[in-house]
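The structure under discussion appears below in the form of structure tokens.
Naming: A, B, ... by sequence-line order, numbering from 1 per chain. Below, all heavy atoms of this structure are taken into account, side chains as well, without hydrogens, waters or symmetry copies.
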Amino acid sequence: MRLFNSLSRKIEEFHPLDPSQTRIYSCGPTVYNDAHIGNLRAYVFTDTLRRTLNWKGRAVQHVINITDVGHMTSDQDEGEDKMELASQKMARDIWQIADHFTRAFKNDLLRLNILRPTLWSTATDHIHDMIAFARVLERAGATYELESGLYFDTTRVPDYGILSLTPQEGQTEGARVERVEGKRNPSDFAIWRKSSATAQRQMEWWSPWGPGAPGWHLECSVMSMKYLGTRFDIHTGGIDHREIHHCNEIAQNQAYTQQSHSGANWWMHNNFLIDRTGKMSKSKGEFLTLSSLVARGIHPLAFRLFALSTHYRSELEFSIDTLAGQLIRLKRLVGAVSALRRKVEPAAWMRVPAEIGFSSGASFSWPRSILERDLPAAGQTLLDHFERELIEDLMIPRALPLLDETLNHATLPPEAKLRILASMDLVLGLKLLTLQRSDLSLRPERAELSVTEVETLMTQRQQARRAKDFATADQVRNRLNAAGVELMDGQEPAWEWRPILE
RNA sequence: GGCCGGGUGGCGAAGUGGUCCAACGCAGAGGUCUGCAAAACCUUCAUUCGUGGGUUCAAAUCCCACCCCGGCCUCCA
């Protein structure tokens with residue numbers, strides 16, 4: 001299997017350090033707000049990576065962190081932090097804020113059918129680990145203390161910034177954030193931020209440098225090492241982390257281990273989901289969440305399919321129409337699978353798609369062996385092709401058409417098609433075999449009719465049709481159409497909600 | 001300002017020298033089915049790859065210039 005490595009900016013043959021288990025660390029969210037759909041793209045990517053490794057027979061140890069320590073808010077209000085700000089806005093304790101948005105985040109992942117990591121690791125559970133780590137950095141002479149905190153001296157490690165390809169001379173200190181007085185080098189960053197004498201933070205801890213909070217980059221070095229060791233296989237994150245956050249993490253790792261190795265063999269970054277006005281940004285205020293899509297009647301898995309339709313290293317242009325198109329596509333896929341199911345007797349293998357959700361990182365060898373047992377040669381060919389796309393840096397956009405190829409195959413028996421699709425879906429996570437078309441029709445929050453009202457009108461229309469009173473039947477249909485309901489006479493389901501796209 | 005990445009049909013998006021003179025999905029068009037409509041299914045849909053030059057037997061794919069877009073420059077997936 002070949003994966004793009006941001007360290008070399010090349011696709012390289014992947015070999016895990018430990019053949020029995022691949023160790024992955026994924027940078028998680030800061031939980032001061034709902035995740036926007038751009039954030040969520042990162043976890044669809046991570047999940048696809050993990051599922052692909054599992055599909056290829058590798059077990060994974062996957063850690064995702066939760067950043068529940070607030071960091072600075074924005075260019076404007078230096079000194080405030082996002083967690084504190086959210087706390088004030090919502091008039092709630094900062095710990096409640098963290099808890100609330102952590103739950104919301106995990107719920108989003110659940111709705112997107114993102115497999116849970118082997119371990120969730122939360123920053124505030126590791127403050128003392130961070131202090132211990134920082135002291136090692138201090139003893140190694142990699143830090144210096146200022147009025148505002150303990151800083152990392154980036155000249156103390158070899159090749160600082162290799163990940164970014166950005167020459168230090170090109171950096172303009174303070175281009176976006178106010179400069180810190182006394183820093184030795186523009187690229188130096190905070191290891192520990194001291195609380196100001198005047199304002200106590202809700203979240204602060206006593207440390208060798210006084211009360212304060214850890215620098216943002218520290219937690220990832222500390223938690224990845226704690227659970228995955230000083231060397232592990234893959235570290236993932238959004239592309240915005242490539243230039244700063246991950247460079248700083250690497251610097252910390254190097255200073256801590258006294259080695260030039262970055263810590264992870266592979267650094268992988270997903271590109272942004274963008275809209276016409278630029279990247280989706282939490283700090284700019286308005287942004288789309290998964291819940292806001294659901295409120296419009298768009299199923300979360302339509303977003304998953306949307307995210308899968310583009311290679312993870314390409315920018316993905318957001319449009320609600322394209323998203324709605326993916327919902328249609330998903331409905332057609334699910335409908336086609338249901339049609340096949342009606343031709344096939346229930347069988348033991350059908351339990352597999354639902355049971356995969358229990359996985360916390362195990363290889364998919366067992367489920368695949370059940371699904372792919374004694375497939376006809378044509379079926380094996382399709383899966384071979386599927387695999388060729390996966391192992392070339394996760395070419396999911398090229399793998400997706402194989403779903404249609406399988407469904408439309410001229411000679412494969414229905415049961416074989418279903419098992420092939422089930423195996424592919426172990427990677428794609430679209431719930432193709434467990435979902436009904438009706439599951440994908442969500443009532444928009446703003447819909448003017450209730451389900452009961454729709455059902456009543458549907459009955460009226462059917463009675464009118466049976467009585468050949470087509471004027472009444474059409475009248476009811478128009479009424480339903482106007483209320484955002486699509487009719488599909490003689491189908492199962494007989495009607496669906498139309499998503500709201502304006 | 002510095003650095004990185006990108007501009008492919010109405011939209012999203014594969015493809016980075018010939019076996020693809022451009023996959024796939026959505027939309028559109030025609031058809032089957034249907035009281036009508038929808039759903040479903042079938043067929044169809046870029047002589048062209050931001051613009052202008054160049055290299056080559058051969059370029060969307062390489063080179064140069066220009067235009068436009070996105071990212072990073074210590075909050076961000």
Using the [atom1] atoms only, state how far [M] lies from [N], rounded to an integer number of Å.
| N | M | atom1 | value |
| --- | --- | --- | --- |
| B:G10 | B:G53 | P | 23 Å |
| B:A14 | B:A39 | P | 28 Å |
| B:G15 | B:G71 | P | 22 Å |
| B:G52 | B:A59 | P | 16 Å |
| B:G28 | B:A37 | P | 15 Å |
| B:C24 | B:C64 | C1' | 34 Å |
| B:U48 | B:A40 | C1' | 33 Å |
| B:U16 | B:C62 | C1' | 9 Å |

Could you tell me whether [X] contacts a base, only the sugar-phosphate backbone, or nothing, with contacts defined as non-hydrogen atoms closer than 4.0 Å?
| X | value |
| --- | --- |
| A:Arg466 | nothing |
| A:Leu400 | nothing |
| A:Asn248 | nothing |
| A:His269 | nothing |
| A:Leu323 | nothing |
| A:His245 | nothing |
| A:Arg437 | sugar-phosphate |
| A:Phe45 | nothing |
| A:Ser314 | sugar-phosphate |

Figure out the [atom1]/[atom2] separation between [X] and [N], and round it to whole Å.
| X | N | atom1 | atom2 | value |
| --- | --- | --- | --- | --- |
| A:Glu317 | B:A14 | CD | P | 11 Å |
| A:Ile320 | B:G10 | CD1 | C1' | 18 Å |
| A:Gln462 | B:G35 | CD | C1' | 12 Å |
| A:Arg498 | B:A27 | CZ | P | 14 Å |
| A:Arg329 | B:C41 | CZ | P | 13 Å |
| A:Leu407 | B:C42 | CG | P | 10 Å |
| A:Phe4 | B:G5 | CZ | P | 9 Å |
| A:Ile11 | B:G15 | CD1 | C1' | 13 Å |

Tell me the partner of [N], counting only Watson-Crick (N1-N3 plus N6-O4 or O6-N4) or G-U wobble (N1-O2 and O6-N3) with both under 3.5 Å; none if nothing fits.
| N | result |
| --- | --- |
| B:U61 | none |
| B:G1 | B:C73 |
| B:C24 | B:G12 |
| B:A40 | B:U32 |

Assess whether salt bridge (Lys or Arg N to Asp or Glu O under 4.0 Å) is satisfied between A:Arg2 and A:Asp393, documenting all intermediate values. CA-CA 5 Å; A:Arg2 285 151 50 83; A:Asp393 196 30; over 6 Å; no
[X] side chain, from C-beta outward: closest of [options]:
| X | options | value |
| --- | --- | --- |
| A:Glu243 | B:C72, B:C24, B:A14 | B:C72 |
| A:Arg242 | B:G12, B:G70, B:C4 | B:C4 |
| A:Leu487 | B:C72, B:G35, B:A37 | B:A37 |
| A:Met488 | B:A23, B:A38, B:A13 | B:A38 |
| A:Asp404 | B:C72, B:C24, B:A13 | B:C24 |
| A:Ile239 | B:C24, B:G71, B:A13 | B:G71 |
| A:Pro397 | B:A37, B:A13, B:C24 | B:A13 |
| A:Arg9 | B:G12, B:C26, B:C4 | B:C4 |

Of A:Gln491 and A:Gly237, the one whose closest RNA chain B nucleotide lies more 5': A:Gln491
Taking for A:Asn408 and for A:Arg398 the nucleotide of RNA chain B with the nearest heavy atom, the one nearer the 5' end belongs to A:Arg398
Hey, is A:Phe470 doing a stacking thing with B:G35, by the 5.5 Å centroid and 30° angle criteria?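 Yes; centroid distance and tilt both under limits.
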With distance as the sole criterion, do the side chain of A:Asp474 and the base of B:G35 form a donor-acceptor contact below 3.5 Å? yes
Euclidean distance, A:Phe306 CZ relative to A:Leu330 CG, rounded to 0.5 Å: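 A:Leu330 CG to A:Phe306 CZ: 14.0 Å, rounded to 0.5 Å.
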Quick one: pull up OG1 in A:Thr155 and CG in A:Asp188 and give me the separation to the nearest 0.5 Å.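 CG of A:Asp188 is found 6.5 Å from OG1 of A:Thr155.
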Could you verify whether a donor N or O on one side chain and an acceptor N or O on the other, from A:Ser195 and A:Glu204, lie under 3.5 Å apart?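 Short answer, yes.
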Can you check whether A:Glu405's main-chain N or O pairs, donor with acceptor, with A:Asn408's side chain at less than 3.5 Å? no
Is a donor on one side and an acceptor on the other found under 3.5 Å between the side chain of A:His36 and the backbone of A:Asn39?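 Present.
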Passing option when A:Tyr25 is tested against A:His62, A:His246, A:His235, A:His241 for ring pair (Phe, Tyr, Trp, His ring centres under 6.0 Å):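 Testing each of A:His62, A:His246, A:His235, A:His241 against A:Tyr25, the sole residue satisfying ring pair (Phe, Tyr, Trp, His ring centres under 6.0 Å) is A:His235.
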Determine whether the aromatic ring centres of A:Tyr256 and A:Phe133 lie less than 6.0 Å apart.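 Distance test on ring centres: under 6.0 Å, yes.
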Verdict with supporting geometry, A:Phe45 and A:Asn271, side chain to side chain contact (heavy atoms under 4.5 Å, CB included): CA-CA 10 Å; A:Phe45 155 63; A:Asn271 214 138; over 6 Å; no
Between A:Arg332 and B:A40, is there a side-chain N or O to OP1/OP2 distance below 4.0 Å?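 Yes, within the criterion.
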